[in-house]
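Numbers here simply count residues along the sequence, with the first being 1.
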Amino acid sequence: MFGQGPRACVGRKFAHVEVLTFLSLLLRDWHLDIVVKEGETGQDVHQRVLDSAGRIGLSFGIGPVDLKLRASCH
């Protein structure tokens, strides 16, 4: 956490810009695919991923979901 008020981390804005830049470059060059378990339908995958979603600490997130990185074809 970066803290709040007068003692907040001075690098907070830089860290946020850095994370957004990394994510935009990652998603530009790669595709993220959810790993489908054997015998699982598209609806089953959708339900499994949504069941793991919720609050994690002070933010919203998705629990452990296996992902596969695949190079994007430009």
Side-chain angles (χ1 to χ4, degrees):
M1 290 306 217
F2 293 103
Q4 299 281 335
R7 293 186 173 263
C9 177
V10 296
R12 185 181 87 201
K13 287 183 182 180
F14 175 74
H16 285 164
V17 169
E18 192 173 34
V19 165
L20 290 175
T21 302
F22 170 78
L23 284 174
S24 64
L25 292 174
L26 176 78
L27 295 175
R28 179 192 69 181
D29 297 334
W30 296 88
H31 288 284
L32 289 172
D33 296 325
I34 296 173
V35 175
V36 179
K37 296 178 180 177
E38 189 174 327
E40 201 172 37
T41 66
Q43 187 174 4
D44 293 338
V45 173
H46 190 261
Q47 190 63 42
R48 176 171 51 96
V49 171
L50 288 181
D51 283 347
S52 70
R55 289 192 64 170
I56 300 173
L58 296 175
S59 61
F60 180 79
I62 294 180
V65 175
D66 293 332
L67 297 174
K68 182 174 29 175
L69 274 175
R70 168 172 64 86
S72 166
C73 299
H74 291 314

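Here Val49 pairs with Ile34, Val45, Ile62, Val65 under the side-chain contact (heavy atoms from CB on, under 4.5 Å) rule; sequence neighbours left out. In terms of the side chain to side chain donor-acceptor pair (under 3.5 Å) criterion, residue partners of Asp51 (sequence neighbours excluded) are, by chain and number, Gln47. When the salt bridge (charged side-chain N to carboxylate O under 4.0 Å, His left out) test is applied to Asp33, the partners found at least two apart in sequence or on another chain are Arg70.
Residue pairs meeting the side-chain hydrogen bond (donor to acceptor under 3.5 Å, both in side chains) criterion with at least one member in residues 7-24, sequence neighbours excluded, do not occur.
Residue His31 comes nearest to Ala71 through the heavy atom pair CD2-O, 4.4 Å, listed as atom of the first residue, atom of the second, then distance.
Note that the CG atom of Leu26 and the OG atom of Ser72 stand 10.5 Å from one another [nearest 0.5 Å].
Taking 4.5 Å as the limit, every side-chain heavy atom of Val35 sits out of range of all side-chain heavy atoms of Leu67. Side-chain atoms of Asp44 and Val36, non-hydrogen and from C-beta on, never get closer than 4.5 Å to each other.
Cluster annotation: Leu20 is not connected to Val17 through the hydrophobic network of ILVMFWY side chains, with a link wherever side-chain heavy atoms come within less than 4.5 Å.
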